[in-house]
Structures are given as structure tokens and as C-alpha cells.
There are 2 protein chains.
Amino acid sequence: MQPDPFHRDCGSRKVLDRIGDRWSVLIVLTLADGDRRYGELAGRIDGISQKMLTQTLRGLERDGIVTRTVRASVPPRVDYALTDLGRSLVDLVAGLEVWATTHLAEVEAARARYDAR
Amino acid sequence: MQPDPFHRDCGSRKVLDRIGDRWSVLIVLTLADGDRRYGELAGRIDGISQKMLTQTLRGLERDGIVTRTVRASVPPRVDYALTDLGRSLVDLVAGLEVWATTHLAEVEAARARYDAR
DNA sequence: CAGCATCCGTTGCGATACTG
DNA sequence: CAGTATCGCAACGGATGCTG
């Protein structure tokens, strides 16, 4: 039997939750064009708190989407990179980004119309 | 200048939030193969509460992704359908569903590995 | 530098009860 | 049938301070 996200207890729901997550999308997108250090991610993703960055990275690592590599040096350096699984996701989340940006104006117009009644 | 979800205050963030939302994805997917009544949606999307169904439908309506049509009859009947904008989203969210189901096993294996250390 | 721990207000969301 | 209203808890998520 196929996994079916329409069914309550199917794990695909959890997977959907993660890949749909706001920060996950932005992190995967950032790592799509190259490995990044912790601080680089923090700098590129405007408005993310340290807590959410760490938390989201841990979740992505746990799900096998990113790898975390610690280099024993002073100061410490930690690199994050996409796994094969993570790379298989890039086109999809890039598609979300493209849709969001290209249809932003339409959505905002629709909202204005809706709120005005 | 292009809308950029990497910037804190860009509206594309909000758009991304909506289309990535767990229930939005399932609702759009359900409406993708035909208009549905409120109760049909409730029946097909296992585990959604009345509150979340209504709330998510309102959000999608506000964003111009679905339409809500009330037929004046007894008992009342309300039909939900995708707009053109909503249909432009179907392939994308279907892609999310496919990814989630096809990679579910990999993700669960990765989780088990991660948790076992 | 790359985090972890803690506090704490805000929001999400389910359960339940009621209505046109 | 298709909602709305209210309650209450749990999770989200930011700010701050500390550490190897």
C-alpha cells in the first residue's frame, strides 16, 4: 500500500510538514548553491533567529537532508551541505520560491479585494 | 526589484507560508480533481478539525486560490473550487506530495539512524 | 565561532458547544 | 449542512546570557 498523506497517521504528513516549513525552504535554497557555514546561513537568511536556525538545521540533519561537518580548529568551523536526498528536493522548493515571487502581486491584490468587503 | 523571500519583510514570505502549509497542500490537492462541498473536504482530509478546515479555506479564499460558492437552498450547500491562480499551484503541491511519499522511507531511515546515536 | 539553556509572551490548534 | 464561538493547553519562536 502506498503512503497517503490524506490519511491521518501516515508519516508522509510529517515529511510534508518539514519540507513545507518556512525556514527549511530557505535553508535548502541557500545550500543549493554551495556549502555554507553556520554564520553564513545566519547572515543570508534575514530575520531567522539563532534558535530557529539551529533547530531547523537539526531537523534537516535528522531527516537526512543536510549534513553537518565540524572541523576541529580554533575558532571552530561547522559546514552544512545538502545530501543527495536534499538535492532531490531543490527543484521542488525552488519551484515554490518562484511561484511565491511571481504570483505575489496577484495574491496581494486578492487579499486587498477580500479585505475590502 | 524582485520580490525576495530571503529578505525579512518581503510578502513572498507570507505567500510561501501559505502554500507550504500542511492543510493548504491537502485542500488544493483535493480540489485539483473537482469542486467539493465543505463536508466532502472534511471527509476526505483525515484528521483535519472543523476549525482548521474553515480557517484554511478562508485563507485560501482570501489569497485568491479558491472560490467559495453558497447555494441558497435547504439544507445549505457550499461549493469550493480552485481559481486559475489555484490551478497554477497544483503541479507544485502535487510535486510536494509525490516527494513526500516516495522519499518517506529514506527519511524515516535517516531519522532512525540519527536517533540511534 | 557556533552553539546551548532559559525565560516568556504569542500563536496554533483541537475539543466542545451552539446556530442559521 | 456548514458553519461560528469559546476555552484551554501545547508548541512556536524571539531575546538574552553563557560556554567550549
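Just so we're on the same page: letters track the sequence lines, and every chain starts at 1. Please read all numbers here as calculations on a predicted model, not as lab measurements.
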Engineer: Within this structure, what is the CG-to-P distance between A:D35 and C:dA2, rounded to whole angstrom?
Structural biologist: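 Rounding to the nearest Å, CG of A:D35 and P of C:dA2 are 14 Å apart.
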Engineer: Using salt bridge (Lys or Arg N to Asp or Glu O under 4.0 Å) as the criterion, list what pairs up with A:R18, not counting sequence neighbours.
Structural biologist: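 Residues passing salt bridge (Lys or Arg N to Asp or Glu O under 4.0 Å) with A:R18: A:D63.
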Engineer: At what angle, to 10 degrees, do the two end axes of the helix from C:dC1-D:dG20 to C:dG20-D:dC1 meet, given five pairs define each axis?
Structural biologist: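 Axis-to-axis angle, ends of the helix: 50°.
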Engineer: Taking only residues two or more places apart in sequence, or in another chain, which ones meet A:V74 in a side-chain contact (heavy atoms from CB on, under 4.5 Å)?
Structural biologist: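 Once residues adjacent in sequence are excluded, A:V74 has no partner under the side-chain contact (heavy atoms from CB on, under 4.5 Å) criterion.
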Engineer: Residues two or more places apart in sequence or in another chain: which of them pass side chain to side chain donor-acceptor pair (under 3.5 Å) with B:R77?
Structural biologist: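 Partners of B:R77 by the side chain to side chain donor-acceptor pair (under 3.5 Å) criterion, ordered by chain and then number, come out as B:D79.
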Engineer: Find the distance A:D79:CG to C:dA2:C1' and express it as a whole number of Å.
Structural biologist: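 Taking atom C1' of C:dA2 as the reference, CG of A:D79 is at 12 Å.
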Engineer: Can you see if the side chain of A:R37 gets near the phosphate of C:dA2 - specifically, an N or O under 4.0 Å from OP1 or OP2?
Structural biologist: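 Result: yes.
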Engineer: Within this structure, what is the CG-to-P distance between A:D17 and C:dG12, rounded to whole angstrom?
Structural biologist: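 Computing the A:D17:CG to C:dG12:P distance gives 15 Å.
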Engineer: Side chain of B:R13, backbone of B:P5: donor and acceptor closer than 3.5 Å?
Structural biologist: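 Confirmed, B:R13 side chain pairs with B:P5 backbone.
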Engineer: Can you name the side-chain contact (heavy atoms from CB on, under 4.5 Å) partners of A:V98, sequence neighbours left out?
Structural biologist: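 A:V98 satisfies side-chain contact (heavy atoms from CB on, under 4.5 Å) with A:T102 only.
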Engineer: For every nucleotide of nucleotides 14-20 of chain C, 5' to 3': is a protein heavy atom under 4.0 Å from its base (B), only from its sugar-phosphate (S), or from neither (-)?
Structural biologist: BB-B--B
Engineer: Tell me, please, the opening and closing nucleotides of DNA chain D, 5' to 3', among those with an atom under 4.0 angstrom from a non-hydrogen atom of chain B.
Structural biologist: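 Nucleotide range in contact with chain B: D:dC1 to D:dC7.
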Engineer: Who are the side chain to side chain donor-acceptor pair (under 3.5 Å) partners of B:D21, not counting sequence neighbours?
Structural biologist: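 Expected list: B:S24.
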Engineer: Quick check: closest heavy atoms across A:A100 and B:S12, and the distance to 0.1 Å?
Structural biologist: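 Result for this residue pair: CB-O, 4.0 Å.
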Engineer: Which atom pair, heavy atoms only, marks the closest approach of A:L82 to A:L31?
Structural biologist: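 Here A:L82 and A:L31 meet closest at CG-CB, 3.7 Å.
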Engineer: Could you tell me whether A:R87 and A:D84 make a salt bridge, using a distance below 4.0 angstrom between a side-chain N and a carboxylate O?
Structural biologist: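 The answer is yes: the pair qualifies as a salt bridge.
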Engineer: Which of residues 53-67 of chain A have a heavy atom under 4.0 Å from DNA chain C?
Structural biologist: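 Those residues are A:T54, A:R58.
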Engineer: Return yes if some donor-acceptor pair links the side-chain N/O of B:T83 with the main-chain N/O of B:G86 below 3.5 Å, else return no.
Structural biologist: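 Between the backbone of B:G86 and the side chain of B:T83 there is a qualifying donor-acceptor contact (under 3.5 Å).
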Engineer: For a quick test of your reading: what N or O donor-acceptor pairs under 3.5 Å do the side chains of residues 43-51 of chain A make, sequence neighbours left out?
Structural biologist:
{"residue": "A:D46", "atom": "OD1", "partner": "B:R8", "partner atom": "NH2", "Å": "3.4"}
{"residue": "A:D46", "atom": "OD2", "partner": "B:R8", "partner atom": "N", "Å": "2.9"}
{"residue": "A:S49", "atom": "OG", "partner": "A:M52", "partner atom": "N", "Å": "3.2"}

Engineer: For B:A81, which residues count as a side-chain contact (heavy atoms from CB on, under 4.5 Å) partner, sequence neighbours excluded?
Structural biologist: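 Only B:D35, B:T67 meet the side-chain contact (heavy atoms from CB on, under 4.5 Å) criterion with B:A81.
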Engineer: Write out all pairs satisfying ring-ring contact (aromatic ring centres under 6.0 Å, His included) with one or both partners inside residues 44-100 of chain A, taking only residues at least two apart or from two chains.
Structural biologist: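 Checked against ring-ring contact (aromatic ring centres under 6.0 Å, His included) - neighbours excluded - the pairs reaching residues 44-100 of chain A are A:W99-A:H103.
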